[in-house]
S.K.: 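Below is a structure I'd like to ask you about.
Any value given below was found using the heavy atoms of this structure, including those in side chains, with hydrogens, waters and symmetry copies removed. Naming convention: chains lettered A, B, ... in sequence-line order (proteins, then strands); numbering from 1 in each chain. The shown structure was predicted, so the numbers you read here are calculated from the model rather than taken from an experiment.
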Amino acid sequence: MINIAKLRDKHAIVSLGNYQPVLQSILDFDYMIGRKRSSLVAIVTAGIHNQKLFFGTREILIPCAQDIKELKDLEIPPPDLFLNLNSGRRAKDSTKEFIEAFPKVLGGHIFAENVPEQHAIYLYQKFHDKHFIAGPSGVGLMLPGHLKLGAVGGTDWRQLVASKLYASGSVAVLSASGGMINELIRMVANGGNGCSFALTLGGDRFPITSPGEALLAAEADPQTKVILYYGELGGYDEYDIIELVKAGRVKKPIIAYIAGNVGEAFARPVQFGHAKALAARPPESASAKRRALKKAGVKVADSIASLADFVEALRGDILPKMPQRDPQQLSSRQPGLITTTISDEKEVYEFVGKSLEDWEKNHSLVEMIVAGLLGRPAHSKLLVQCSESIFKLALDHGPNVSGAVNTIVTARAGRDMVSSLSAGLLTIGPRYGGAGNDAARIWFDAVQSGMDAKELVESYAKNKRYILGIGHKKYNLSQPDPRVTRLLEFVKDLPERPYTDFAKAVVAITSSKKSNLILNFDGAFAAVLLDILQQSEKLKPREIAQLIDSEFFNAYFVIPRAVGFISHFLDQKRLDEGLFRLPDSQVTVIPTQKTD
Amino acid sequence: MARIPISEYRAKSLLLGSSYRGLSFRVKNSSARFSKLDPKGRYVLKVDQGIKKRHKQGLLAVDINPGAAPEYIKKFQAKGYEQYLIEPFLPHAAKDEKYLAVERLREGLQILYSRQGGVDIEDTGAVVEKVLYKGGPGELKKVAAALGLKAEFLETLTQRFNQLHMTFVEINPLVVQAGKPLLLDCAAQVDSAAAYFTDEWTLDDDTSSLNLSPAEKAVAELEANSASSFSLKLVNPDGALGMLLSGGGASVAIADEVCNLGQADNLLNYGEYSGNPTAEETKLYAIQVLNLLLASQAKTKALVIAGGVANFTDIKQTFKGVIQALGSKKKQLQQQRVKVFVRRGGPNEVEGLAMMRGFLEMNDLLGEVSGSDVILTKAVASAVEYVA
């Protein structure tokens, strides 16, 4: 059942599927009626984490979830409504999954055509007692001045203005057809009145909200004074309306048009535009329904022109008289070429929400770096302290390692600082310096999937792959890596440390096979950071997964090591030994096999 | 699409399974099919492409042996039919003929039944009773008892009806001999939206596609290959009013206006495009309508391009396609003094209408161009004035 009055203050919409023209029109509507925030709170769509849309002339990001389950991880207000833009095949299952995940939702709209009849009936039987669903098919529900759920009213903001959808009136418009509802809304606006609400039932055989239920909703809505009903040939739903009128359950005056007397120009029953629009049996014809409605006292128009005359006679007030914000501004908006949340230079230079002055006066460099990496200031001292240690411990690991060698060789070839630094940085990859992020992924995936350490070790052994984050050239069980020992101290007071515990459990197995298969620096900082991010920074698994996907953990190597490489570069310039060349004794030559 | 009719052969095969003894064929594979028949057996030959009242139209050959079939087929073929069914003839008494129909309603399956069936059921004043079946056992028992059947038959029938996403089945007559049901004639519809969820029938089983004109067929193909919607129905090939309409609902209201103005006989076609088609798709669709209009023998002809205030169909884009189609038939349209009457609203309405007006003016095809500020049916009224 729909409770229209309730919908006037509940409007947090989740869209299942991403169809930008429709979603943008919802934000344009919100802007025009003076709402502070978008009523669209999230989108379920694969592949992106945010969808950029205009709110007025400014662009905002609407958070996206990969699936309905992931919606629970987003920081959004509890949804009141859904807008299901999935295909007809997916409509039933996705609607069911959503309502079961958010049982407090009031209802929503299914946009798709081609939803099987039995699926629509299933949704009707399962949900219509407690929730309303507009559709399948059609364009949704409009409460002028309050709610736009779907394409209803148009997708171009100029249409919203022309139909005065910023203002509400007293005519409830109910229509089987999505195109016609727009036409009727405009007809009402041109007649000087406004709509209390406009609902498309959808052109399918079994609309989940039946015309009868929609009529009862209009009867119960205190703002509605008149009901404008647009139906078509096909089906028997109009006979339910007649029953409601006869029983006195709907007392407000009804104006109706039943389209499809053209159907009687054909020798055989014809399928018209909507699935429902086929009059196979005589009572389903437009003229039979018109006659029956007239007999019950409904004001039935015989043509669109006479319908317009009826509507024009419905003088009434609309409020407000003007949009709350000037919609004309929208005509000049342009999307930004890049989007950023990190910094701004409009008045003062800002970095992650604070002015540079503030950073300089009140915060350490490491705090500032961590804020830059997370895209927000750290909540915990622990993360800052641990980051500082990692930066220090990773700054330089001696001159023999690949990155330092390349920096040194390039500097001695007479190249400049940026070239020499780049030569060093470009060496970082899967075998050198890039293991921290991969190690983080291994610990994270294993802990999230509930795998135990033994399973992990066996699966890697079976596939003949190394577990990144484990194994050291120099250190072993009897001579542990002091840097690792130091890092593990950071998490010793955390109430839980699933990632560090897991990493330790893994090395307990591997080191018993070979004593140098111990937790190395990469594996240790990855595990420790994961625990701190989850426990102290309260990041959700989804947010941590996103950090891993964007190589967050590699920054903990690249940042300090860039300093190390620059140190090597400056050192080489001071020493100035000239071009480096390998002596012959350092090169092993294996002669090419001659074939003759 | 929605409820689509399937052939009698397909309906019976789906409901009866391997126990069904009928054969479906087209003229080109008829001899191969006939070799499976008993040359001395008695058979019924039927045109099987969703045509109603075949008995009255003489599209049946009852109690023949296979040797007589080719002559009948020749006769049917001359009338334009191509799909047939041949099945064993079942002799029975008129009193054994019953009526049974099932239709899907919101609340359950509506079962219509009568103790007296037969092709003349509408004229004989037979009492048809109604039962709403919601899954309980009582309802089916009541129908079975009335028809002299076992309830199992109805249980299986309704179960298959749901499994197969059927929407309507009419068995008339249903012959009941010693408690055994025989489906003499059977018409069925399935829910086209459910084609994905079954592998027992496909959209190719839609018999309505067999009865299409070439233009209708071309549009059906366009519809099958597009994410948008297209439909076309020829009403009167010599009608003066060609309709290029958009919107599943608005198109009906606009076509209604032709009838309201007493011009139903002048209606060339009904049809609609919607769901934001591309310019190219719209062009292909418009060309089919233009071909029909140009072939019509009416003296004065008009094209009505009309639709409601679209929610998301881009007017500029779709009109670009319409203009390309008009451009490709420009000379013939001018020669036949066709005028074009437009009423349309929606996204990019102003740009789309200006483009259309410019084109029609330049090519002397302009009847009238208006937007969402005039009433939906205005273009029809003006076009009717022009042709009448």
S.K.: Using heavy-atom distances under 4.5 Å, tell me whether A:Leu184 contacts chain B through its side chain, its backbone, both, or neither.
M.R.: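 Neither part; nothing is under 4.5 Å.
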S.K.: Tell me, for A:Phe206 versus chain B, whether the close heavy atoms (under 4.5 Å) come from the side chain, the backbone, both or neither.
M.R.: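 Contact with chain B is through both the backbone and side chain of A:Phe206.
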S.K.: Side chain, backbone, both or neither: which part of B:Leu267 has a heavy atom under 4.5 Å from chain A?
M.R.: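 Contact with chain A involves the side chain of B:Leu267 alone.
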S.K.: Is B:Ala253 close to chain A through its backbone or its side chain, or both, or neither, when contacts mean heavy atoms under 4.5 Å?
M.R.: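 It is both, since atoms from each part get that close.
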S.K.: With a 4.5 angstrom heavy-atom cut-off, could you sort out which part of B:Ser229 is near chain A: side chain, backbone, both or neither?
M.R.: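 Side chain only.
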S.K.: Check each atom of B:Asn162 against the heavy atoms of chain A and say whether the ones under 4.5 Å are side chain, backbone, both or neither.
M.R.: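 Both backbone and side chain.
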S.K.: If you compare all heavy atoms of A:Gln125 against all heavy atoms of B:Arg106, which two are closest, and at what distance to 0.1 Å?
M.R.: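 What the structure gives for the nearest pair is NE2-O, 3.9 Å.
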S.K.: Taking the side chain from B:Tyr270 and the backbone from A:Val262, do they hold a donor-acceptor pair closer than 3.5 Å?
M.R.: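 It does not hold such a pair.
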S.K.: Salt bridge between B:Glu349 and A:Arg158, side-chain N to carboxylate O under 4.0 Å?
M.R.: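 No, B:Glu349 and A:Arg158 are not salt-bridged.
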S.K.: Should the pair B:Arg343-A:Glu183 be classified as a salt bridge under the 4.0 Å nitrogen-to-oxygen rule?
M.R.: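 Salt bridge between B:Arg343 and A:Glu183, a charged N being under 4.0 Å from a carboxylate O: yes.
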S.K.: Select one option (side chain, backbone, both, neither) describing which atoms of A:Ala151 are under 4.5 Å from chain B's heavy atoms.
M.R.: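 Its backbone and side chain both get close to chain B.
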S.K.: Can you tell me which portion of B:Phe230 sits under 4.5 Å from chain A's heavy atoms? Options are side chain, backbone, both or neither.
M.R.: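 No part of it gets close to chain A.
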S.K.: Please look at A:Asp204 and chain B and tell me whether the side chain, the backbone, both or neither of the residue comes under 4.5 angstrom of a heavy atom of that chain.
M.R.: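 No part of it gets close to chain B.
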S.K.: Just checking, any donor-acceptor pair under 3.5 angstrom between side chains of A:Tyr257 and B:Asp256?
M.R.: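 Looking only at side-chain atoms, B:Asp256 and A:Tyr257 do form a donor-acceptor pair, the distance falling under 3.5 Å.
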S.K.: Between B:Leu232 and chain A, with a heavy-atom cut-off of 4.5 Å, which part of the residue counts as in contact: side chain, backbone, both or neither?
M.R.: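 Nothing of B:Leu232, per the 4.5 Å heavy-atom cut-off to chain A.
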S.K.: Which atoms form the tightest heavy-atom contact between A:Arg89 and B:Phe197, and what is the distance?
M.R.: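 Taking every non-hydrogen atom into account, O-CZ, 3.5 Å.
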S.K.: Checking A:Ser210 against chain B: side chain, backbone, both or neither under 4.5 Å from a heavy atom?
M.R.: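 Both parts, backbone and side chain.
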S.K.: For each of B:Leu245, B:Leu376, B:Ile375, B:Val235, tally heavy-atom pairs with chain A at distances under 4.5 Å, and name the one with the top tally.
M.R.: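 The answer is B:Leu376.
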S.K.: Has B:Thr377 got a side-chain atom pairing as donor or acceptor with A:Ile304's backbone, closer than 3.5 angstrom?
M.R.: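 No; judged by distance alone, with no hydrogens or angles, the pair does not exist.
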S.K.: Regarding B:His165 and A:Gln118, do their side chains bring together a donor and an acceptor under 3.5 Å, going by distance alone?
M.R.: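 Yes, side-chain donor-acceptor contact under 3.5 Å.
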S.K.: Regarding B:Asn260 and A:Asn261, do their side chains bring together a donor and an acceptor under 3.5 Å, going by distance alone?
M.R.: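 There is such a pair (donor and acceptor under 3.5 Å, judged by atom type) between the side chains of B:Asn260 and A:Asn261.
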S.K.: Pick one of side chain, backbone, both or neither for A:Glu113, based on which atoms fall under 4.5 Å of a heavy atom in chain B.
M.R.: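 The answer is the side chain of A:Glu113.
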S.K.: So which part of B:Phe312 gets closer than 4.5 Å to some heavy atom of chain A, the side chain, the backbone, both or neither?
M.R.: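 Both backbone and side chain.
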S.K.: Counting only heavy atoms closer than 4.5 Å, note whether B:Leu105 contacts chain A via side chain, backbone, both or neither.
M.R.: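 Both the backbone and the side chain of B:Leu105 come within 4.5 Å of chain A.
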